[in-house]
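Comments concern the structure below.
Numbered from 1 within each chain, the chains take letters A, B, ... in sequence-line order. Only a predicted model underlies this, so the values are computations on that prediction, with no experimental measurement involved. These values consider heavy atoms only, across backbone and side chains, with no hydrogens, waters or symmetry-generated copies.
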Number of protein chains: 2
Amino acid sequence: MKAQDLRLYLVTDRLAAKGRDAKSVIAAALKGGVTMIQVREKNSSAREFMAFAETVKELAAPYGVPVIINDRVDVAVAVRADGVHLGQSDIPCEVARAMLGKESIIGLSVEKMAQIPEANSLSVDYIGVSPVFATPTKTDTAEPFGLAGLSQAVKLSGHPVVAIGGVNIETAPGILACGVDGLAVVSAIMGAGDPQVAASALKGLWENSNL
Amino acid sequence: MKAQDLRLYLVTDRLAAKGRDAKSVIAAALKGGVTMIQVREKNSSAREFMAFAETVKELAAPYGVPVIINDRVDVAVAVRADGVHLGQSDIPCEVARAMLGKESIIGLSVEKMAQIPEANSLSVDYIGVSPVFATPTKTDTAEPFGLAGLSQAVKLSGHPVVAIGGVNIETAPGILACGVDGLAVVSAIMGAGDPQVAASALKGLWENSNL
């Protein structure tokens, strides 16, 4: 397994930054203790995506925090990202692995319990169980797993599990109790009044836990 | 230079097929004499894009017609396409060349005369001069080149030139007279009442010319 620290996994969403400069929000989140960043851009050209990913890489480098790219394996290659996060409708994991090599981090979203056995057979480094709870950030997601479903997913998965969807300071303790390896957040940091404080509070939950 | 035949270059657009099955339209276009196909999908997931590209590859294989992918280099790798067509906001040509290898076809859209000298310095196999005329297919394009601009582009370019934007049976003779290497069409074939007849008529212009 790779030396990936999934504990506080930030998914960037420039719209969720509520008009603020996403760069400063991400800088604050890193200060607060984010351990991994996925750059997600849904309506950008490849060049815009690359430019933003390069900015995030520069911010994350001093912290040794890996930066991975949502969906576009070619953008990940172009910016020499640390990996990609793939959905069920994205490039197949095996193709991405061949393009990126074995040292890269590849994550896969799992939206149904039935997708976990297949994920176990794939060369991925973690799965993102999505969504745990209903969320306004993504509108195209499946039925939420809920905490009982998340616990079952953790038991079924042969890969580390990151929880995503409705993760915030209120829901995180219950999610941690399910045995996940990471908390993935979008709005809870990107949209927070003070992103550094928000990240630090979420990170602190790990330090207070016995995991 | 590669053994690419750019003379009748079809850009797929499923919407332009006017509700007909794009597969049957493309099959007819191939019968009519299309020499190259670019698969362009603007709102599809990578998996949908791959599935459609695989279908087009199967159709084109018996004709030996190359199939290239618009924008997504990762999709091109995933389906083992013959190459990619890139816009000015897509993955840089050098990165695409490194990902695809020297045997692949890489085309680049040029939307301003000033982009041609830069294109001359790049490892691309042709340029697409876009748009020649105003067109309803793409709404985000720059000022049309017109025939005088196209002639100048052909003179400036060190690469073969494909004309795109407003190319149809009426405009094609004037475009051929500018010395282009290829006619790229979307609606003139995808939206034609009889796509085979439309392709055959456009292809026939080449056979009647002295080029």
Among [options], residue most engaged with chain A (heavy-atom pairs, under 4.5 Å):
{"options": "B:Val75, B:Val95, B:Asp71", "answer": "B:Asp71"}
{"options": "B:Arg72, B:Met99, B:Gln88", "answer": "B:Arg72"}
{"options": "B:Ser45, B:Pro92, B:Ala96, B:Gly87", "answer": "B:Pro92"}

Quick check, are the ring centers of A:Phe133 and A:Phe145 under 6.0 angstrom apart?
no

Ion pair check, A:Arg97 and A:Asp125, cut-off under 4.0 Å:
yes

Would a 4.5 Å heavy-atom cut-off, applied to side chains only, mark A:Pro66 and A:Gln4 as touching?
no

Contacting region of B:Glu94 [heavy-atom separation from chain A under 4.5 Å]
neither

Within 45° of the six-membered ring axis of B:Phe52 and under 6.0 Å from that ring's centre, is NZ or CZ of B:Arg14 located there?
yes

